[in-house]
**Q** 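Got a structure for you, written out below as structure tokens; questions coming shortly.
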Amino acid sequence: MLAFILRRLLQSVGVLLAVGLIAFAMFRFAGDPVNQLVAPDTPYAERLQIRQSLGLDDPVLVQFARYAGNAVRGQFGNSYQFRQPVSTLLAERMPATLELALCATLFALTAGILMGVYSALHRDSVGAKLLQAISLVGVSLPTFLIGILLIFLFSVTLGWLPSYGRGDTVRLGWWTTGFLTASGWKALILPSITLGLFQMTLIMRLVRAEMLEVLRTDYIRFARARGLTTRSIHFGHALKNTLVPVITVAGLQLGSIIAFSIITETVFQWPGMGLLFVQAVQNVDVPIMAAYLLLVALIFVSINLVVDLLYTIVDPRLRLSVRRAA
């Protein structure tokens, strides 16, 4: 198992290096950041001095080596727009994004698994067909349109929920949370549903398909022949084996929720890292953009490592194959 983890860690380091190189190369063509720091009538000599102070005149390899070395230490320089360290800006926005992603993931997993199991066990019922129709809507509609429709219905028309912002927050050290206030919970509802709806429909359809496949296997027929209860067969045997591919999808979707919360945070003006990234793109703030992409890559490789470890816990056959490979 230790050798398996070490191999995955080495692969993760390679992925991070590749993402860092791609981000560094891509953002060199995003525009001249000096134009965002000075007025249009700034003299050329002053522009040249600013470029030299930022290290933009150094050779490309020197710039990348400096960028990679600072990234390993968690230092991404100062934001061109906010004139503050990028790590400080990300730390301030991270709690909002992580809380939104956590709520969206819990919503997607809970609702998706329950709806998938129900539609598999009662596949010919009216309720199962209705859930299938809902899943088609969730997959078809783009995220920004879902957010706008929810705002129009629950904020503008009914006035039940806020349409933007995070509500009141409580500071616990460097962390800020909206879980301890009523307005914070109310502000989480609409963006969480918007962000998690696509993932919920995906998980629901996957659970339904896998559950139907597992219910047709020989060991389920043998369990019925042994006289096991229906509950034990469905939830003790069928659902457990159904969860193996679901773990993969859920893990990747958690990373996607964090990475692609940009649209939801923009629609609801949620003060998270996604909204910060959008502002950085608009102002060609290269340090923020590069740091955000590296952070997303780190989240993805960490989730993949956890998913691989969960495989060995859920499926005993994988534990055996890992031991043989070691």
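The analysis underlying the following values was restricted to heavy atoms, covering all of them including side chains, and did not include hydrogens, waters or symmetry mates. Given the structure is predicted, the values throughout are model-derived calculations rather than measurements.
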**Q** Test of understanding: with side chain to side chain donor-acceptor pair (under 3.5 Å), list the residues that count as partners of Ser192, not counting sequence neighbours.
**A** none

**Q** Applying salt bridge (Lys or Arg N to Asp or Glu O under 4.0 Å), which residue pairs with at least one partner in residues 94-114 are found, sequence neighbours left out?
**A** Glu99-Arg166

**Q** Check whether any side-chain N or O of Gln199 sits under 3.5 Å from a backbone N or O of Ala108 as a donor-acceptor pair, and report yes or no.
**A** no

**Q** Checking Thr169 side chain against Gly178 main chain: does a donor-acceptor pair fall under 3.5 Å?
**A** no

**Q** As a quick check of understanding, evaluate side chain to side chain contact (heavy atoms under 4.5 Å, CB included) for Val267 and Ile151, giving each step before the final call.
**A** CA-CA 9 Å; Val267 170; Ile151 289 174; 3.9 Å; yes

**Q** Would you find a donor on one side and an acceptor on the other, under 3.5 Å apart, between the side chain of Ser155 and the backbone of Phe152?
**A** no

**Q** What is the minimum heavy-atom distance between Ser79 and Leu89, and which atoms define it?
**A** CB-CD1, 3.7 Å

**Q** For a 4.5 angstrom cut-off between non-hydrogen side-chain atoms, does Leu276 reach Tyr292?
**A** no

**Q** Within the side chain of Ser125, is there an N or O that forms a donor-acceptor pair under 3.5 Å with the backbone of His122?
**A** yes

**Q** For a quick test of reading the model, state the closest non-hydrogen atom pair linking Leu293 to Val19 and the distance between them.
**A** O-CG1, 4.0 Å

**Q** Linking I/L/V/M/F/W/Y whenever any side-chain heavy atoms sit under 4.5 Å apart, do Val13 and Leu295 land together?
**A** no

**Q** May I ask you to decide if Gly184's main-chain N or O and Thr181's side chain share a donor-acceptor pair within less than 3.5 Å?
**A** yes

**Q** Compute the ring centroids of Phe268 and Tyr164, then answer whether they are less than 6.0 Å apart.
**A** no

**Q** Looking only at non-hydrogen atoms, find the nearest pair between Ile262 and Val278 and report the distance.
**A** CG2-CG2, 3.0 Å

**Q** Treating Trp270 as the side-chain partner and Ala96 as the backbone partner, does any N or O pair qualify as donor plus acceptor under 3.5 Å?
**A** yes

**Q** With no hydrogens and no angle check, is any side-chain donor or acceptor of Glu265 less than 3.5 Å from a backbone partner on Gly274?
**A** yes

**Q** Around atom CD of Gln49, are there more than 12 heavy atoms of other residues, nucleotides or ligands at under 6.0 Å?
**A** no

**Q** Under the side chain to side chain contact (heavy atoms under 4.5 Å, CB included) rule, what do Ile288 and Phe82 come out as? Steps first, then yes or no, please.
**A** CA-CA 10 Å; Ile288 291 180; Phe82 297 99; 4.1 Å; yes

**Q** If only atom types and distance count, is the side chain of Ser119 paired as donor or acceptor with the main-chain N or O of Gly116 below 3.5 Å?
**A** yes

**Q** Surrounding CH2 of Trp160 (heavy atoms of other residues, nucleotides or ligands, distance under 6.0 Å), is the total greater than 12?
**A** no

**Q** According to a hydrophobic-cluster definition based on side-chain heavy atoms being under 4.5 Å apart (Ile, Leu, Val, Met, Phe, Trp, Tyr only), do Ile203 and Leu114 belong together?
**A** no

**Q** How long is the straight-line distance from CE of Met200 back to CZ of Phe107, given to the nearest 0.5 Å?
**A** 5.0 Å

**Q** Please check if Val86 and Phe277 belong to a single hydrophobic cluster, counting links between Ile, Leu, Val, Met, Phe, Trp and Tyr side chain heavy atoms closer than 4.5 Å.
**A** yes

**Q** Parallel, tilted or perpendicular, judged at 30° and 60°: which one describes the rings of Phe179 and Trp185?
**A** parallel

**Q** To the closest 0.5 Å, what do you measure between CG (Leu109) and CE (Met204)?
**A** 14.5 Å

**Q** How long is the straight-line distance from CG of Leu275 back to CD1 of Ile263, given to the nearest 0.5 Å?
**A** 13.0 Å

**Q** Consider only side-chain heavy atoms of I, L, V, M, F, W and Y, link residues closer than 4.5 Å, and tell whether Val156 and Leu161 are in one cluster.
**A** yes

**Q** Measuring from atom CG of Leu190 to atom CD1 of Ile146, what distance do you get when rounded to the nearest 0.5 angstrom?
**A** 12.0 Å

**Q** Determine whether a donor-acceptor pair (N or O, by modelled atom type, separation under 3.5 Å) exists between the side chain of Thr97 and the backbone of Met94.
**A** no

**Q** Just verifying a value: how many Å separate Leu188 CG and Leu100 CG, rounded to the nearest 0.5 Å?
**A** 6.5 Å

**Q** Just verifying a value: how many Å separate Gln279 CD and Thr266 OG1, rounded to the nearest 0.5 Å?
**A** 8.5 Å

**Q** Do you know the tightest heavy-atom contact between Thr143 and Thr264?
**A** CG2-OG1, 3.5 Å

**Q** Of the non-hydrogen atoms in Leu16 and Leu294, which two are nearest, and what is the gap between them?
**A** O-CD2, 3.8 Å

**Q** Closest heavy-atom contact between Leu98 and Trp175?
**A** CD1-CH2, 3.8 Å

**Q** Would you say that Thr176 contacts Val170 through its side chain, given a criterion of any heavy-atom pair below 4.5 Å between the two side chains?
**A** no

**Q** If hydrophobic clusters are built by linking Ile, Leu, Val, Met, Phe, Trp and Tyr wherever their side-chain heavy atoms come under 4.5 Å apart, do Leu17 and Phe300 end up in the same one?
**A** no

